[in-house]
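Reckoned from all heavy atoms, side chains included, excluding hydrogens, waters and symmetry mates. The first residue of the sequence shown is numbered 1, and numbering continues consecutively from there.
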Amino acid sequence: MPPPKAKGGKMLNLIHHNVKISLNDGRSLMGRLLAFDKHMNLVIADCEEFRRVKKKKKQGDQEVSEAIDQKRTLGLVILRGETVVSLSDEGAAAVVEDDKKGQMPPGPGRGMPAGRGMGMMPPVGGMPPPAMAGRPVPYGMPPPGAPGMPPMPPGMPGFGRGGPFPPGFPPGMPPPGFGGPPPGFQPPGS
């Protein structure tokens, strides 16, 4: 059995090469091939369009047609595959020093996850990050008058930790719909 071929075949070797593409409407494009897919859709950089236009001129009683080649600079082009008739390699694209300016300098070679939350490994030194070094705050808001909290406006009951309970709720009982703490829960200080 022959060895398996890489997907893309010859097209994969043309990436970053200058190519000339003939289209089904008679135009031809030249540029650097950046990408392709299974439908032969192409992404071409620094693309230029060439087309032959016939102009009719009247010389006396006769009409004479002249073929004029027009060139247009298009830049970055995404080309639908069904319009491609032929594609030919025009040679490797020259590497310009300007292309290297946008690249990042080589780093230490250390990959870091870029997600939310804490990493899986404890931080070096075994110390928690400064934001988590303090005592965890129980559910709810800190009591009024706590550092960083505005004082409670006059006439407002201080519902919450340490304040009077709302009418109809006996102290120490959970609100309706909440059966109580989860099994095995030990309140602080017990």
Side-chain angles (χ1 to χ4, degrees), residues 1-134 136-137 139 141 148 150:
M1 182 152 74
K5 291 184 180 179
K7 269 199 165 184
K10 293 181 180 181
M11 286 293 291
L12 207 51
N13 295 331
L14 294 177
I15 298 290
H16 297 297
H17 278 231
N18 288 326
V19 292
K20 181 177 181 180
I21 302 151
S22 298
L23 303 181
N24 58 3
D25 61 359
R27 294 179 294 165
S28 62
L29 302 175
M30 287 189 68
R32 191 176 61 207
L33 181 66
L34 294 183
F36 66 94
D37 67 2
K38 65 182 180 181
H39 304 291
M40 198 64 173
N41 296 325
L42 305 175
V43 179
I44 305 156
D46 306 325
C47 184
E48 294 178 333
E49 174 193 55
F50 298 92
R51 63 184 184 157
R52 183 162 289 192
V53 179
K54 292 181 181 177
K55 290 193 174 182
K56 295 180 180 178
K57 290 186 176 180
K58 289 187 177 181
Q59 291 181 347
D61 294 335
Q62 295 180 343
E63 287 188 7
V64 179
S65 60
E66 281 185 39
I68 299 173
D69 289 331
Q70 288 184 339
K71 175 183 170 184
R72 238 183 5 162
T73 302
L74 302 176
L76 185 68
V77 172
I78 300 173
L79 185 63
R80 187 171 171 85
E82 69 180 16
T83 64
V84 175
V85 174
S86 69
L87 185 139
S88 60
D89 186 8
E90 298 292 316
V95 177
V96 182
E97 289 298 319
D98 292 341
D99 291 345
K100 294 183 179 180
K101 287 181 183 175
Q103 295 178 353
M104 294 179 63
R110 179 176 168 211
M112 297 284 294
R116 291 196 224 163
M118 297 291 295
M120 296 298 289
M121 298 293 294
V124 179
M127 294 294 293
M132 300 188 80
V137 178
Y139 295 104
M141 293 191 57

Heavy-atom pair with the smallest gap, counting every atom of Cys47 and Leu29: SG-CB, 3.9 Å

Asn13 and Asp89, any side-chain heavy atoms less than 4.5 Å apart: no

Distance in Å, Leu42 CG paired with Arg80 CZ, rounded so as to fall on 0.5 Å steps: 12.5 Å

Salt bridge (Lys or Arg N to Asp or Glu O under 4.0 Å) contacts touching residues 11-26 (sequence neighbours left out): Asp25-Arg27

Distance, nearest 0.5 Å, that separates OG1 of Thr73 from CD of Glu49: 10.0 Å

Leu74 atom CG: more than 12 heavy-atom contacts under 6.0 Å: yes

Whether Asn41 side chain and Gly81 backbone form a donor-acceptor pair below 3.5 Å: yes

Nearest heavy-atom neighbours spanning Met11 and Leu33: CE-CD2, 4.1 Å

Spacing of CG belonging to Leu23 relative to CZ belonging to Arg51, to within rounding of 0.5 Å: 12.0 Å

Considering all heavy atoms, the nearest Met40-Leu87 contact: CE-CD1, 4.2 Å

Rounded distance (nearest 0.5 Å) linking atom CG of Asp69 with atom NZ of Lys71: 11.5 Å

Separation of His17 NE2 from Ser88 OG (nearest 0.5 Å): 13.0 Å

Min side-chain heavy-atom separation Leu34-Leu76 under 4.5 Å: yes

Ile21 CD1 to Ile44 CD1 distance, which is reported to the nearest 0.5 Å: 3.0 Å

